[in-house]
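Please read the structure below before turning to the comments.
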Amino acid sequence: MNAAFLKGGLALAALALLSACNESVEPLDLAGPGASLAIAGGDGQVGAVGDSLPQLLTVKVTDDSGRAVPGYAVAWTTTGGELSATRDTTGNDGVAGVALTLPATPDTVLVSAEVEGFQSVTFRAAATPAGAPLIFRYVDAGSYHACGITTSEQEYCWGFNEDGQAGTGTISTVAPITQVSSNLTARMSSGGRYHTCEVTLSGDIWCAGSNSVGQVTGEPSSPVTTFTNDNWSISTSFRVVQAGLLHSCALSLSSQIWCWGSNGEGQIGVSPVITPGASLDPSYVGDGFSAVTTTGLHTCAITTSGAAECWGWGTSGQLGDGADTSSGIPVAVAGGHLFRINPVIEQAPDPDFYIPGQSFISAGYAHTCGITTASAAFCWGENENGQLGTGGTTDANAPATVAGGLQFKAISAGYRHTCAITLTGAAYCWGDNALGELGDGTTTDRLVPTAVAGGLAFMSISAGDTFTCGVTTEGAAYCWGDNEYGQLGQSGIAGSTEPVKLPFQ
């Protein structure tokens with residue numbers, strides 16, 4: 001028997017039972033403004049084109065005391081595919097639901113449920129190519145959300161979405177794994193705390209999320225809930241974009257760096273520092289760069305000769321120039337180290353040695369790490385939780401050697417922890433581990449690199465605020481740490497101290 005038919009049949013059978021329960025049920029009165037219409041299940045499902053989703057899309061109506069309200073009519077509409085019904089009524093448990101058959105072509109499908117007297121709710125589902133599970137090239141962890149690019153250059157996002165940073169078209173506390181747009185082919189993506197940006201294969205930049213200081217469009221405005229193309233006066237093609245806390249920076253195909261958004265700490269490379277500061281158009285930082293990185297309120301880059309430079313907030317030594325001061329212009333990182341140079345790749349990145357803008361240098365919240373041409377790791381900046389990996393907790397305002405003598409090919413600095421991948425693909429993390437973000441099966445801080453549990457071989461890794469994600473050499477995405485906002489891509493778990501595989505793979 002066809003699996004899709006079986007799944008669809010089960011869903012329809014469940015729907016029939018649900019409808020049977022709806023007969024001869026007297027509705028309760030709604031008892032005040034606390035009554036609600038809410039999604040009960042089935043949101044965020046992904047399936048092959050033409051298949052019926054395995055779970056019903058269900059809503060629940062409750063009164064002001066939280067009691068189920070039966071007998072209320074629900075109207076269903078969809079932007080694609082086929083619903084098993086367009087009208088339904090809630091059962092004794094206050095629940096109503098429909099089955100959805102996905103469209104015949106890959107797309108993101110929206111299904112709305114409306115009940116008179118309530119604001120409608122919207123479900124999202126993704127139809128992927130037949131027989132093709134999600135295979136990721138890499139995943140980028142923002143503060144409390146994450147986005148990943150698949151091998152078909154499609155972007156999926158999930159997690160915290162109260163500013164629209166997941167690009168799903170809505171604002172919500174939690175966004176399930178959702179394809180953000182079926183019309184864009186993405187080269188790379190970067191998540192900050194409140195916004196996300198991506199670079200398409202054509203070299204255009206699209207961003208979504210909070211735009212309070214112009215970090216999305218360059219001009220301050222209300223949040224942007226779907227990925228929006230830049231409309232800047234400059235005309236150039238980009239290969240890397242990085243989303244910081246309140247600003248963004250991008251690296252062009254011609255090795256130029258441009259930044260936009262807040263400049264309150266000099267993080268967009270413009271002096272004098274503007275407070276609170278916002279750039280209405282990208283500011284030109286300079287040329288001759290091979291990489292750029294930002295997460296918090298400072299920015300760092302590698303030149304085409306392998307030297308490192310940083311600018312912005314520097315009071316914990318995160319600029320690495322031997323001082324504990326901020327700078328509105330790039331300053332040279334001390335020590336004379338030569339860091340690995342990211343190659344200019346105009347199409348899909350090399351999975352072995354290239355993670356866009358984040359492979360060989362990574363700016364965390366208040367610390368920075370880089371990998372030299374000898375594959376040695378150095379970190380500098382704040383070290384309260386051991387995020388520099390030196391074996392102690394003393395801050396460093398110049399590059400300090402990461403303990404252990406391991407050789408690395410990728411590194412990522414998060415809020416107060418750091419993760420990296422060795423030349424053999426093993427993942428190691430160090431620093432703050434209060435919520436399991438180091439992935440070693442414990443919640444104990446680590447002052448030196450500690451192996452991530454599971455023995456997986458990774459080709460990319462990304463540290464967020466309190467969680468981490470990585471992609472294995474087989475294209476499977478795993479995340480670990482805090483899951484308060486669904487940033488692990490999982491529902492129903494508080495978090496995990498070890499890697500857990502994302503759904504739909």
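Side chains included, hydrogens not; waters and symmetry mates left out as well; all remaining heavy atoms used.
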Looking at Val402 and Pro449, what are the two nearest heavy atoms and their distance?
CG1-CG, 3.5 Å
Is it the case that the side chain of Thr150 and the backbone of Leu134 share a donor-acceptor pair, with hydrogens and angles ignored and the cut-off at 3.5 Å?
no
Ring geometry between Tyr428 and Phe408 (parallel below 30°, tilted from 30 to 60°, perpendicular above 60°):
perpendicular
Euclidean distance, Thr173 OG1 relative to Glu162 CD, rounded to 0.5 Å
4.0 Å
Residue set satisfying salt bridge (charged side-chain N to carboxylate O under 4.0 Å, His left out) with Asp465, at least two apart, ordered chain then number -> Arg193
Interatomic distance, OG@Ser248 vs CD@Gln267, rounded to 0.5 Å, equals 10.5 Å
Measure the spacing between OG of Ser222 and CG of Asp163 and express it to the nearest 0.5 Å.
11.0 Å
Between Phe467 and Leu435, is any pair of side-chain heavy atoms under 4.5 Å apart?
no
Heavy-atom closest contact (Leu456 atom, Pro499 atom, distance):
CD1-CB, 4.3 Å
So does Arg67 get a backbone contact from the side chain of Ser65, meaning a donor-acceptor N/O pair under 3.5 Å?
no
With sequence neighbours excluded, tell me which residues meet salt bridge (charged side-chain N to carboxylate O under 4.0 Å, His left out) with Asp445.
none
Stepwise side-chain contact (heavy atoms from CB on, under 4.5 Å) test for Tyr415 and Asn385
CA-CA 10 Å; Tyr415 184 62; Asn385 296 91; over 6 Å; no
Would you say Ser189 and Asp140 are linked by a side-chain donor-acceptor pair, where the criterion is simply a distance under 3.5 Å?
no
Please examine the side chains of Glu437 and Asp432, heavy atoms only from C-beta on, and report whether any two atoms are closer than 4.5 Å.
yes
Can you name the closest pair of heavy atoms from Cys197 and Gln215 and give their distance?
SG-O, 4.4 Å
Taking the side chain as C-beta and beyond, is there a heavy-atom pair between Arg416 and Tyr365 under 4.5 Å?
no
Please tell me if the side chains of Val49 and Leu102 come closer than 4.5 Å, counting only heavy atoms from C-beta onward.
no
Run the numbers on Trp430 and Val448 for side-chain contact (heavy atoms from CB on, under 4.5 Å), then give the verdict.
CA-CA 6 Å; Trp430 55 94; Val448 298; 5.9 Å; no
Supply the atom-to-atom distance Gln179 CD to Thr168 OG1, rounded to the nearest 0.5 angstrom.
13.0 Å
Side-chain donor or acceptor of Thr178 paired with backbone N/O of Val180 under 3.5 Å:
no
Once you round to the nearest 0.5 Å, how far does OG1 of Thr185 lie from CZ of Arg187?
9.5 Å
Positive for side chain to side chain contact (heavy atoms under 4.5 Å, CB included) with Gln45, one of Ile177, Leu100, Leu57:
Leu57
Test Trp158 against Val139 for side-chain contact (heavy atoms from CB on, under 4.5 Å), laying out the working first.
CA-CA 11 Å; Trp158 57 93; Val139 170; 3.9 Å; yes
In Å and rounded to the nearest 0.5 Å, what is the CD to CG distance from Glu498 to Leu438?
12.5 Å
Does any N or O in the side chain of Asp482 come within less than 3.5 Å of the main-chain N or O of Glu484, such that one atom is a donor and the other an acceptor?
yes
Please report the shortest heavy-atom distance between Leu83 and Val98, naming the atom on each side.
CD2-CG2, 3.9 Å
Which pair of heavy atoms, one from Ala68 and one from Asn92, lies closest together, and at what distance?
CB-O, 3.8 Å
Is there side-chain contact between Glu382 and Gln318, with at least one heavy-atom pair below 4.5 Å?
no
Would the number of heavy atoms belonging to other residues, nucleotides or ligands and lying under 6.0 Å from CZ of Phe136 be above 12?
yes
Measuring only between side-chain heavy atoms, which start at C-beta, is Val241 closer than 4.5 Å to Met188?
yes
Whether the side chain of Asn433 engages the backbone of Arg446 through a donor-acceptor N/O pair (distance < 3.5 Å, no angle test) should be reported.
no
Please assess Leu388 against His367 for the test side-chain contact (heavy atoms from CB on, under 4.5 Å), listing each intermediate value before the final yes or no.
CA-CA 8 Å; Leu388 302 189; His367 74 293; 3.8 Å; yes
Do Cys479 and Leu502 have side chains that approach each other closer than 4.5 Å (heavy atoms only, starting at C-beta)?
yes
Ser36 side-chain N/O to Ala38 backbone N/O, donor-acceptor pair under 3.5 Å
no
May I ask you to decide if Tyr72's main-chain N or O and Thr90's side chain share a donor-acceptor pair within less than 3.5 Å?
yes
Side chain of Thr196, backbone of Ala166: donor and acceptor closer than 3.5 Å?
no
Any chance the side chains of Ser52 and Thr101 put a donor and an acceptor closer than 3.5 Å?
yes
Is any side-chain heavy atom of Val199 less than 4.5 Å from a side-chain heavy atom of Val240?
no
Is it the case that the side chain of Thr466 and the backbone of Gly464 share a donor-acceptor pair, with hydrogens and angles ignored and the cut-off at 3.5 Å?
no
What are the two closest heavy atoms between Arg340 and Ser375, and how far apart are they?
NH2-OG, 2.8 Å
Thr497 backbone acceptor or donor facing Asp440 side chain under 3.5 Å
no
